[in-house]
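First up is the structure itself, then whatever we jot down about it.
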Amino acid sequence: MKFAKELEHELVPEWRAKYLDYKAGKKKVKAIARAIQKANRTPNNPSIRRPPPGQGDQSDTPLGSNRSASFRRAEKQIDGSDGEYNLTVKSPSLTSRSTPGQRHERQPLRVPGSRFSAVVGSYGSILASPPQHPGTSDAASLELPDPAIDYHDDARSSERHTDRRIAPQTPSPVMSRQGTSRAAFKDPTHHTPPAKQPVATSGESKKSVASGSSSRRNSRLLKRVLSTTESAEKLAEAEQRTEVERKQDEFFAFLDSELAKIESFYHMKEQEATARLKVLREQLHTMRDQRIQEILHAKRYRNRDAEPKPTETLGTFNGRLFKDAFPGRRIGKNSKALAALATPGGGQAQDSDSIVRRRDFTRQPPEPQQQPKSEVPYRSAKRKLKYALQEFYRGVELLKAYAYLNRTAFRKINKKYDKVVDTRPSMRYMGDKVNRAWFVQSEVTESLLAIAEDLYARYFEGGKRKIAASKLRHTIRKSGDYSPNTFRCGLLAMAGILFAIQSLIYASQHLRGEDATIRTHTSYLLQIYGGYFLVVFHFLLFCLDCMVWDRTKINYVFVFEYDTRHALDWRQLTELPCFFLFILGLFMWLNFLSVNDMFVYWPVVLIGLTLIVLFLPARILYHRSRKWWAYSNWRLLLAGLYPVEFRDFFLGDMYCSQTYAMGNISLFFCLYAKHWGDPPMCNSSHSRLLGFFTTLPSIWRAFQCIRRYVDTKNIFPHLLNFGKYLFGVLYYATLSMYRIEKVTRFQAPFITFALLNAVYTSVWDLAMDWSLGNVYAKHPLLRETLAFRRVWVYYVAMVLDVVVRFNWIFYAIFAHDLQHSAVLSFVVSFSEICRRGIWTIFRVENEHCTNVLLFRASRDVPLPYEVPSTGGQAEQPSEQPQAQDAQAAVSPSPAGDVEQATPSTPGRPRALSRVGTMLASAHAQDFQRKRQPGEMGGATVAHGETDTPDDTSDEEDSGDTRSYRDAEDAIVEEVPSDDTR
């Protein structure tokens with residue numbers, strides 16, 4: 001796999017901006033390679049195209065045009081002198097392989113009489129022809145004469161002879177195409193034969209114009225021309241060398257900036273992890289002390305008549321005392337292991353204001369009024385701290401992988417650079433800077449992982465480090481082979497579709513039958529199956545959304561807070577809706593195949609089988625995911641009693657689009673409660689209970705908004721969101737009344753609330769759930785940070801969302817069909833589910849972009865206890881300007897002033913700037929957990945944390961416990977601060 005693809009696959013999506021920009025580095029290396037290739041380019045390079053005949057060597061080299069202009073100036077000077085001159089300069093002989101039989105270019109190619117003995121002129125020679133002496137041999141007579149150059153006063157004759165001098169008409173086939181090179185003018189060791197008597201011809205007469213003084217003058221002029229040409233060549237070469245150096249400087253400046261960025265981010269995250277570990281240690285110590293206090297308190301009340309022995313202290317508390325304290329009750333291994341970690345003297349009475357106590361676990365406490373009160377039960381605190389420690393371990397693993405990937409990226413990009421410039425020795429930048437960087441040399445992450453494993457083993461696994469390490473270590477899921485899952489999905493889906501098509505054909509025959517009872521039963525059966533299909537189709541759309549998120553690197557597993565160790569791939573998840581689609585088609589086919597005693601009872605079997613599959617407690621069929629889904633539904637059912645998490649409001653919004661299926665719940669129980677005696681009395685024109693079920697999802701969401709307001713005391717956005725769902729309740733309530741009464745006085749309220757609900761929800765979808773509508777963004781009406789590269793999908797989604805929000809218009813248009821319009825209701829509900837599928841994609845994408853701005857890759861896990869601050873505050877990272885800027889851009893101020901987050905941009909109206917800031921801050925705080933006073937996490941984990949050693953609680957530790965704590969403190973204190981770096 002190419003490293004660029006590997007980096008794209010392995011990086012943390014929320015930290016994408018903080019990785020080495022490997023693609024930009026490759027572009028800069030390619031720019032250096034192109035500059036070097038351009039600098040090394042010569043006329044002898046065969047890749048350079050030769051000019052057509054007649055153009056000379058003007059394009060042989062980048063300096064060809066300059067050389068031609070120099071020659072023309074020299075010719076003009078020569079033509080303007082007294083008399084006519086024959087300029088003679090001998091071109092250098094071409095370099096070739098030295099062989100014993102090497103033939104001189106003046107020698108004939110073949111002996112006289114050969115068919116190859118044609119006269120061939122020497123290419124590029126501007127020497128005068130030697131005088132003809134009588135009596136020479138035949139071989140000598142075959143020597144080719146030098147071409148003569150005539151200079152005339154007219155410009156046309158001069159230009160013609162200039163072209164003849166540069167490019168002869170009949171070049172020699174044994175000479176190279178680049179016979180004239182810069183070496184002809186720059187080689188000082190070139191041997192020039194003695195000058196011969198020049199011979200020049202002009203027209204019909206030949207004149208001798210050679211003289212000693214004129215030859216010297218011509219020689220000086222020629223030297224001047226050649227020196228000008230060499231200067232131009234040197235200038236061009238210097239410019240090319242400067243271009244290479246500039247590209248190299250840009251490359252190393254890029255590496256320095258990327259290294260500084262990675263260093264600051266890594267150091268900031270390392271400090272956050274160190275501060276978080278200190279908080280977790282305090283929480284674990286509090287849990288340990290509270291557990292021992294509870295057990296001792298229970299024992300003392302059971303033996304209140306007997307005085308405790310002096311040796312019965314927490315330091316010597318053993319298993320026998322546990323059994324005495326809880327007779328008939330099994331003591332867990334974890335509680336027994338906590339006895340070894342107890343602090344001597346901890347059994348004494350402690351201040352109730354400084355330590356959170358819990359209620360006693362004795363079955364019948366003799367004196368309840370004297371029992372210690374605790375806000376957090378031990379089991380709840382244990383569960384929260386285990387989860388928090390696991391999430392902390394995962395975050396440190398991500399930080400460790402971040403450092404490794406960036407080091408590998410630096411090594412790869414330096415290797416490419418060394419290959420291009422042929423550096424010796426190689427990898428100098430790696431050795432001089434990268435290998436000396438803090439994120440490469442630091443061992444703090446290894447120490448943090450080791451301490452986390454020790455804490456988990458000592459407090460939750462009875463000291464068994466191997467088991468603790470196996471539970472903590474997070475293995476990143478690789479892209480495995482999901483071919484079997486894909487095959488099963490395709491097989492089940494196609495089989496279900498075929499069964500459904502055939503069953504619809506049978507159902508249409510029943511609807512056209514003569515029996516009115518069968519026609520009525522068939523229509524209501526189709527309504528029940530239609531509601532079931534909409535639920536399965538919605539589930540299938542969610543799986544397709546997961547596919548989109550997976551391919552665009554949107555970390556939906558983190559957004560939904562799935563268990564990363566057991567999260568299903570989207571291909572595995574798709575097996576469930578495909579299986580339900582198969583059994584739906586199968587039961588529809590069995591139902592409408594024939595009319596028998598089971599004709600109206602097949603839906604009962606279908607729904608019963610579905611509930612068994614979903615809530616089966618056996619560890620099969622992805623039991624962890626089914627358990628997560630069941631628990632999420634339970635939290636939604638008791639909306640308002642649980643703190644609202646992302647999955648809670650998300651599932652509630654999904655149900656808001658399933659009004660057709662929710663209404664079918666009332667229809668289903670009404671039909672079977674009346675034994676299908678009078679089905680029309682159960683439809684929407686008669687059943688008020690059906691209208692109540694359609695409003696139930698909006699009521700759940702309204703309760704969640706009230707709970708969010710109670711937790712945060714923020715009117716905006718929670719009470720405004722409550723108003724949105726209140727309009728939804730009024731919309732479905734007036735629609736139900738309009739269907740039942742069928743009078744005009746209910747039509748006006750229905751249209752009014754439907755219009756208000758459509759406008760309210762449309763604006764909320766675009767501005768809040770998608771954070772779109774910024775007219776000052778790079779792309780108008782969008783936002784600055786986008787996860788999808790194709791911008792047009794946002795505009796299409798915006799238009800579709802608004803259009804489908806107004807689908808209630810069909811209820812007002814087809815008013816006469818409201819008495820029982822099953823097809824219309826099904827089509828409207830189907831369009832709403834498709835809209836919700838699109839909404840889901842961009843809602844999760846918007847949440848992911850918020851996490852990217854805050855560099856939030858680990859969960860904000862709530863901690864059970866409020867640990868008092870007994871010392872100074874923890875070190876606050878000094879190098880986090882970008883994280884603070886992102887936090888300021890999307891987070892509200894502590895005082896509730898949302899206008900101070902970002903200053904108004906020049907040229908932007910202040911009112912619009914305030915509105916944009918309010919929307920961004922509201923989205924960032926929407927549906928976040930309630931933070932406890934001592935709780936930290938996310939991008940501001942180090943703010944306000946205590947940095948106090950365990951001197952107060954563990955000052956008198958003895959034995960292995962004291963030594964372990966000392967070593968633990970020593971490792972944590974090794975983390976350097978900014979000034980020691």
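Values below: every heavy atom of this structure, side chains too, minus hydrogens, waters and symmetry copies.
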Residues which pass side-chain contact (heavy atoms from CB on, under 4.5 Å) with K27, listed by chain and number, not counting sequence neighbours: none
Would you please say whether a donor-acceptor pair under 3.5 Å links the side chains of Y404 and E10? no
For [X], what residues pass the ring-ring contact (aromatic ring centres under 6.0 Å, His included) criterion, not counting sequence neighbours?
X    : value
F254 : none
W15  : F265, Y402
F251 : Y417
F392 : none

Do the non-hydrogen side-chain atoms of L455 and L277 ever get within less than 4.5 Å of each other? yes
Other residues, nucleotides, ligands: >12 heavy atoms within 6.0 Å of K30 NZ: no
Can you name the side chain to side chain donor-acceptor pair (under 3.5 Å) partners of [X], sequence neighbours left out?
X    : value
Y556 : none
Y22  : none
R246 : E243, E250
N851 : R856

With sequence neighbours left out, what residues match E14 under salt bridge (charged side-chain N to carboxylate O under 4.0 Å, His left out)? none
Residue pairs meeting salt bridge (Lys or Arg N to Asp or Glu O under 4.0 Å), one or both in residues 399-421, sequence neighbours left out, come to K400-E446
Residues 420-433, side-chain donor-acceptor partners within the protein, below 3.5 Å, at least two apart:
residue, atom, partner, partner atom, Å
D422, OD1, R424, NH1, 3.1
D422, OD1, R424, NH2, 3.2
Y429, OH, L255, O, 3.4
Y429, OH, D256, N, 3.3
Y429, OH, D256, OD1, 2.6
K433, NZ, D256, OD1, 2.9
K433, NZ, D256, OD2, 3.4

